[in-house]
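Taking it in order: structure first as structure tokens, then the write-up.
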Amino acid sequence: AQSVAQPEDQVNVAEGNPLTVKCTYSVSGNPYLFWYVQYPNRGLQFLLKYITGDNLVKGSYGFEAEFNKSQTSFHLKKPSALVSDSALYFCAVRDNGNTNAGKSTFGDGTTLTVKP
Amino acid sequence: NAGVMQNPRHLVRRRGQEARLRCSPMKGHSHVYWYRQLPEEGLKFMVYLQKENIIDESGMPKERFSAEFPKEGPSILRIQQVVRGDSAAYFCASSPAGGAGYGYTFGSGTRLTVV
């Protein structure tokens with residue numbers, strides 16, 4: 001079984017400040033990890049992924065995420081937040097040892113609000 | 001290069017009617033996934049399909065819901081005898097292969113309202 005937890009429903013930051021959106025996961029094998037962003041009334045857009053290799057992954061719009069195996073975490077970060085980053089963020093996991101390798105499990109989402 | 005196309009964008013059905021939601025995957029993608037998003041909730045997996053095959057339907061309700069991805073044409077999510085609790089946004093995603101390393105490309109969703 002695989003699962004994802006996003007412990008914060010809401011994250012508020014001031015524009016220009018660093019932001020972190022938290023994600024922890026559980027899989028029976030090795031994880032493939034993803035972050036997506038959803039703007040109002042739109043579908044999800046892929047931001048970045050961790051498959052293997054360097055634990056720090058860089059993605060779209062200046063976002064990055066750090067894979068921490070010992071803490072089973074994959075927190076999303078950005079050094080300087082923009083008002084336009086305000087959206088709903090989803091973390092997702094796949095177990096690369098799962099025979100149903102294509103199925104991703106999503107967290108419940110975190111609403112990020114960046115205030116001017 | 002068109003992305004994942006879902007139609008209709010909005011669908012209103014009366015209780016007891018049927019709802020058909022269509023999804024055309026991104027060009028070159030052969031794997032389709034359907035997710036449901038209820039108001040103020042996250043995405044819940046419903047079904048994973050390849051052409052002419054249902055790979056994983058563990059998230060599908062046992063009754064009234066079915067999905068297909070025929071050899072030709074879009075994937076269809078079908079809900080028979082809709083009830084108010086079926087009101088939600090239904091998202092389709094596609095990927096180029098079942099290998100777990102690919103991110104999904106999502107459509108814009110179909111918002112189903114049951115009145």
Hydrophobic clustering (ILVMFWY, side-chain heavy atoms < 4.5 Å, transitive) - are [Y] and [X] grouped together?
| X | Y | answer |
| --- | --- | --- |
| A:V21 | A:F106 | no |
| B:Y48 | B:F65 | no |
| A:V27 | B:L43 | no |
| A:L44 | A:Y25 | no |
| B:M26 | B:V32 | no |

**Complete:** For A:K103 and B:F45, the nearest pair of non-hydrogen atoms, with its separation, is CE-CD2, 3.6 Å

**Message:** Listing request: all side chain to side chain donor-acceptor pair (under 3.5 Å) pairs with a residue in residues 71-81 of chain B, at least two apart in sequence or in separate chains.
**Reply:** B:E18-B:R78, B:W34-B:S75

**Inter- and intrachain pairs under side chain to side chain donor-acceptor pair (under 3.5 Å), touching residues 10-19 of chain A, at least two apart** = A:Q10-A:T113

**Message:** Main chain of A:S104, side chain of B:Y33: is a donor-acceptor contact present, judged purely on distance under 3.5 Å?
**Reply:** no

**Message:** Looking at A:K115, I'd like to know if its NZ atom is crowded, meaning that more than 12 non-hydrogen atoms belonging to other residues, nucleotides or ligands lie closer than 6.0 Å.
**Reply:** no

**Item:** Under 4.5 Å from any heavy atom of chain B - which part of A:Y36
**Value:** side chain

**Message:** Heavy-atom cut-off 4.5 Å, strictly under: side chain, backbone, both or neither for A:N41 against chain B?
**Reply:** both

**Request:** Let me know if B:Q37 has heavy atoms under 4.5 Å from chain A in its side chain, its backbone, both or neither.
**Result:** side chain

**Asked** By a 4.5 Å heavy-atom criterion (distance strictly below it), what part of B:S58 contacts chain A: side chain, backbone, both, or neither?
**Response** side chain

**A:Q38 CD to B:F91 CZ distance, which is reported to the nearest 0.5 Å** = 4.5 Å

**Asked** Is there side-chain contact between B:Y104 and A:F34, with heavy atoms separated by less than 4.5 Å?
**Response** no

**Request:** Under 4.5 Å, heavy atom to heavy atom: which of residues 82-90 of chain A reach chain B? Give them by number, or say none.
**Result:** A:L88, A:F90

**Request:** Quick one: list whatever passes ring-ring contact (aromatic ring centres under 6.0 Å, His included) with B:F69, sequence neighbours left out.
**Result:** none

